[in-house]
Amino acid sequence: MNLRISAWNPFSLSAVIASHGWASLAPFETNEEHTELRYVARLSTDRVAELTIHQAGDGVIVAVNDALSDGEQAEVKDQVRWMLGLEQDFSDFYTLVRDEPRLAHVIERAQGRVLRCPTLFEDAVKTILTTNTSWGGTIRMVEGLVSRFGQPLPANPARRAFPIPEQLAAVDESSFRSAEGLGYRAPYVLELARAVASGNLDLESLRTTDAPTDELRQQLLAIKGVGSYAAANLLMLLGHYNFVPVDSWARKMVSYEWYDGETVGQAEVEAAFEGWGEWKGLAYWFWDWSYGGEA
DNA sequence: GGTAGACCTGGACGC
DNA sequence: GCGTCCAGGTCTACC
């Protein structure tokens, strides 16, 4: 069955898919051209279905490999709206970047949206698994969690949904640590899963809270394994762009761009984008580093 | 508040 | 093939 969902325009599905590496982390899949996004979704009814998303007209069309009830269709639409940020409005950002050569491309390419998972829990676990490791390590760890603990897709058991907190909360830490290769991150993921599963942490409420960004950031920093980089990354996914996710790559890029290759720290990266105010994070995210510089 | 060391893994490198 | 070194953020202990 097919579901059609409209988007705030301009909208580009391929821009969302290419916004960062999330599309290559299980249970996401995409094609080389970034024109198709697939995701194995787990619905609140426990149904597992594969969503195949293409751009169509002023929005997207979602092909589902199963017949869904009305309630399930509504849930899938909500998940896709959130994942693709279909209702996000970037007109203020576009007005600001119009005269900045390093950012003017975002208007033409309809950039601004950052691909996210249906739940903040999944985004938080994946973000923790990006820290202190290579991108290949992140892919391997996420794939390990999904393939071992995720609920299988009935039509193709090789494809699985991302495990829910309850599934991860029941895992023994030592097997988690070794079998999934999470290493010292295992207790962080486990503690987060157990806090969410027990109801002690209502992570999903942070997606819709009206709390100011600083307060939101403090709540994210209270999660073990989430430091300043991970918190800024999660804030970006939540639509708060006041902080730059400063990692080694950011320091390297800012160093080449403004400091003649000299070593720079978090303060210099933050300062470089200070002028972009509440859009600081997005300005960094979509900055064209290749513009006469070295990547 | 700032800093050093530990955490874990994979990849690069030298032998 | 084996051993060593390094990169990648966060936490904790210490000053």
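Naming convention: chains lettered A, B, ... in sequence-line order (proteins, then strands); numbering from 1 in each chain.
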Rounded to the Å, how far apart are [X] [atom1] and [N] [atom2]?
{"X": "A/M141", "N": "B/dC8", "atom1": "CE", "atom2": "P", "result": "13 Å"}
{"X": "A/L221", "N": "C/dT12", "atom1": "CG", "atom2": "P", "result": "13 Å"}
{"X": "A/R217", "N": "C/dT10", "atom1": "CZ", "atom2": "P", "result": "10 Å"}
{"X": "A/N233", "N": "C/dG8", "atom1": "CG", "atom2": "P", "result": "16 Å"}
{"X": "A/I128", "N": "C/dC11", "atom1": "CD1", "atom2": "C1'", "result": "13 Å"}
{"X": "A/L220", "N": "C/dG9", "atom1": "CG", "atom2": "P", "result": "18 Å"}
{"X": "A/F176", "N": "B/dC8", "atom1": "CZ", "atom2": "P", "result": "15 Å"}
{"X": "A/L192", "N": "C/dC11", "atom1": "CG", "atom2": "P", "result": "12 Å"}

Any [X] side-chain nitrogen or oxygen under 4.0 Å from OP1 or OP2 of [N]:
{"X": "A/R140", "N": "B/dG10", "value": "yes"}
{"X": "A/R177", "N": "B/dC8", "value": "yes"}
{"X": "A/S248", "N": "C/dG8", "value": "yes"}

(request) Identify which nucleotide among C/dC11, C/dG8, B/dG10 has an atom closest to any side-chain atom of A/R185, counting heavy atoms from C-beta outward. (result) C/dG8
(request) Would you indicate which nucleotide in C/dT10, C/dT12, C/dG8 comes nearest to any side-chain atom of A/K224? (result) C/dT12
(request) Assign each of A/Y188 and A/G137 to its nearest nucleotide of DNA chain B by heavy atoms, then name whichever residue's nucleotide is nearer the 5' end. (result) A/Y188
Any Lys/Arg nitrogen of [X] or [Y] sitting under 4.0 Å from an Asp/Glu carboxylate oxygen of the other?
{"X": "A/E257", "Y": "A/R102", "value": "yes"}
{"X": "A/E122", "Y": "A/R116", "value": "no"}
{"X": "A/D78", "Y": "A/R81", "value": "yes"}

(message) On a heavy-atom basis, which atom in A/A110 and which in A/A15 lie closest, and how many Å separate them?
(response) O-CB, 3.9 Å
(request) Answer yes or no: are there more than 12 heavy-atom neighbours, outside A/E108 itself, under 6.0 Å from its atom CD? (result) no
(request) Answer yes or no: are there more than 12 heavy-atom neighbours, outside A/D172 itself, under 6.0 Å from its atom CG? (result) yes
Report which part of the nucleic acid [X] touches: base, sugar-phosphate, or nothing (heavy-atom distance under 4.0 Å, all strands).
{"X": "A/S228", "value": "sugar-phosphate"}
{"X": "A/L129", "value": "nothing"}
{"X": "A/G225", "value": "sugar-phosphate"}

(message) Using a 6.0 Å distance limit plus a 45 degree cone around the ring axis, check whether A/R207 lies over the aromatic ring of A/W82.
(response) yes
(request) Assess A/R217 against A/F243: is NZ or CZ under 6.0 Å from the centre of the six-membered ring, and within 45 degrees of the ring's axis? (result) yes
(request) Classify the side chain of A/Y184 versus the base of C/dG9 as yes if they form a donor-acceptor pair under 3.5 Å and no if they do not. (result) yes
(request) Rounded to 10°, tell me the angle between the two end axes of the helix from B/dG1-C/dC15 to B/dC15-C/dG1, each built from five pairs. (result) 30°
